[in-house]
2 protein chains.
Amino acid sequence: MREEIAIFNECAKRKGLKSTSQRALILKTFLGSTSHYSTEELYLKIRKNNPKIGYATVHRALKLFAECGIATELDFGDGQTRFEPLRGDQHHDHLVCTSCGSIIEFTEPKIEELQELVAAKYGFKINRHRHELYGICANCTAIASN
Amino acid sequence: MREEIAIFNECAKRKGLKSTSQRALILKTFLGSTSHYSTEELYLKIRKNNPKIGYATVHRALKLFAECGIATELDFGDGQTRFEPLRGDQHHDHLVCTSCGSIIEFTEPKIEELQELVAAKYGFKINRHRHELYGICANCTAIASN
DNA sequence: TTAAAAATGAAAATGATATTCAGAAAGTAA
DNA sequence: TTACTTTCTGAATATCATTTTCATTTTTAA
């Protein structure tokens with residue numbers, strides 16, 4: 001978290017941005033969670049303790065975090081863009097439970113390698129990718145079989 | 001194409017839908033292309049020869065095709081839902097060129113297998129997935145290096 | 001042919017995201 | 001500090017794809 005704040009501050013400085021209490025609060029709340037927040041969700045969470053903060057401010061901050069490389073935008077097809085803190089650790093993809101909405105992160109280096117081979121076959125240069133598996137998580141399966 | 005029309009007709013019958021010339025035209029145009037149409041694009045294409053057809057009709061038809069299992073909804077993150085004819089053949093994923101917008105379909109059974117292994121590890125049941133590789137296609141790379 | 005049900009197309013509604021704008025706050029230089 | 005410039009904020013509004021409404025037309029079954 002310290003590191004992400006440092007990265008953001010460096011980026012903000014480079015862009016000539018000013019530092020404000022609102023943005024600091026949004027950043028802290030965002031980094032201090034393991035959730036995959038939509039703008040709406042983060043806005044509501046922050047609003048509980050800071051009723052004066054505006055939706056647009058949260059929205060702008062999240063877009064800014066993505067620009068500065070400390071957040072990734074996710075789209076799980078429910079019409080809401082989500083944001084995830086992008087820590088220094090390795091890339092991961094997602095299992096998305098369509099029943100309860102829970103998200104499991106996974107990594108599979110072999111898949112990444114195969115992706116590269118596929119791209120190479122077509123002379124295609126991959127910049128980024130999206131790999132999401134939608135279905136029912138173990139917990140929901142257990143509940144359903146009761 | 002014949003087969004998809006049959007599948008659709010069966011589905012329409014099951015749903016108690018009536019058959020109309022508009023829907024037949026939309027279906028024919030949709031199946032007779034290899035494109036990945038957005039509603040807008042298909043609407044404009046059809047409109048050239050049939051200026052009376054409405055946007056909403058095209059939209060409703062595409063959603064219906066997806067429901068009946070002869071089309072897949074795609075989202076390449078450009079804010080437009082695209083539709084692809086889902087033929088009897090095997091599942092495929094996509095390489096999306098962010099420079100020219102071209103789309104290459106690929107299949108890699110080994111990735112599919114690995115996906116299943118990942119899911120199994122978490123007791124997760126996959127219903128569907130999305131795997132897209134974004135980058136620059138061979139053609140655009142060639143153009144850029146001129 | 002007629003009545004019931006569904007389809008169409010234009011217009012309006014919806015909902016997430018993005019922008020505008022006036023006032024507030026932060027940074028800068030003296 | 002003060003004056004000045006730039007950015008930020010928050011409310012309201014705009015945008016844009018998608019969806020729905022509704023009056024009218026078309027299809028279908030009896």
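Chain letters run A, B, ... following the sequence lines, proteins first and then strands; every chain starts at 1.
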Exercise. A:R14 CZ to D:dT7 C1': how many Å, rounded?
Worked result: 17 Å
Exercise. In residues 60-80 of chain B, which residues come under 4.0 Å of DNA chain C by heavy atom?
Worked result: B:R60
For this session: Could you tell me the separation between the OH atom of B:Y43 and the P atom of D:dA17, rounded to a whole number of Å?
Result: 13 Å
For this session: Is it possible for you to say whether A:L25 and A:Y55 belong to one hydrophobic cluster, with membership spreading through side-chain heavy-atom contacts below 4.5 Å?
Result: yes
For this session: Examine the side chains of B:N127 and B:H129 and answer whether a donor and an acceptor come within less than 3.5 Å of each other.
Result: no
Exercise. Between the side chains of B:H92 and B:E84, is a donor N or O closer than 3.5 angstrom to an acceptor N or O?
Worked result: yes
For this session: Starting at atom OH of B:Y55, determine the distance to atom C1' of D:dT18, rounded to an integer number of angstrom.
Result: 7 Å
For this session: Using a cut-off of strictly less than 4.0 Å, decide whether B:Q22 has a side-chain nitrogen or oxygen near OP1 or OP2 of C:dG9.
Result: yes
For this session: Take atom CG of B:N50 and atom P of C:dT8, then tell me their distance rounded to the nearest Å.
Result: 13 Å
Exercise. Should B:L64 and B:Y43 be regarded as members of a common hydrophobic cluster, given that ILVMFWY residues are connected when their side-chain heavy atoms come within less than 4.5 Å of each other, either directly or indirectly?
Worked result: yes
For this session: For A:I46 and D:dT9, give me the distance from atom CD1 to atom P, rounded to whole Å.
Result: 11 Å
Problem set entry | Residue whose nearest DNA chain C nucleotide is more 5′ - B:K15 or B:K52 | B:K15
Exercise. Centres of the A:F30 and A:Y37 rings: under 6.0 Å?
Worked result: no
Problem set entry | Euclidean distance, atom CG of residue B:L27 to atom P of C:dT8 [Å, nearest integer] | 12 Å
Problem set entry | Separation of C:dA5 C1' from B:K13 NZ (nearest whole Å) | 17 Å
Problem set entry | Of the listed nucleotides D:dG10, C:dG9, C:dT17, the one nearest the side chain of B:T57 | C:dG9
For this session: With the side chain counted from C-beta on, respond yes when B:H36 and B:L74 share a heavy-atom pair under 4.5 Å apart, and no when they do not.
Result: yes
Exercise. Ion pair present between B:E10 and B:R14, side-chain N to carboxylate O less than 4.0 angstrom?
Worked result: yes
Exercise. Is a salt bridge present between B:E132 and B:R130, judged by a nitrogen-to-oxygen distance below 4.0 Å?
Worked result: yes
For this session: State whether the SG distance for the cysteine pair A:C137/A:C97 is less than 2.5 Å.
Result: no
Seminar exercise, completed: Going 5' to 3' through nucleotides 25-30 of chain C and flagging B where a protein heavy-atom sits under 4.0 Å of the base, S where only the sugar-phosphate is that close, and - otherwise, we get -BS---
Problem set entry | B:H131 side chain to A:Q115 side chain, donor-acceptor N/O pair below 3.5 angstrom | yes
Exercise. When the C1' atoms of the five terminal pairs at each end define the local axes, what inter-axis angle does the helix from C:dT1-D:dA30 to C:dA30-D:dT1 show, to 10 degrees?
Worked result: 30°
Exercise. Out of D:dT18, C:dA7, D:dG10, which has the shortest distance to the side chain of A:I53?
Worked result: D:dG10
Exercise. Within less than 4.0 Å of OP1 or OP2 of C:dA18, is there a side-chain N or O belonging to A:H59?
Worked result: yes
Seminar exercise, completed: Rounded to whole Å, CG of B:L25 lies from P of C:dT8 at a distance of 11 Å
Problem set entry | A:I26 versus A:V58, closest heavy-atom pair with distance | CD1-CA, 3.8 Å
Exercise. What nucleic acid atoms does B:S38 come within less than 4.0 Å of, heavy atoms only: base, sugar-phosphate, or nothing?
Worked result: nothing
Problem set entry | Point-to-point distance, once rounded to the nearest 0.5 Å, from CD of B:E108 to CD of B:E113 | 9.0 Å
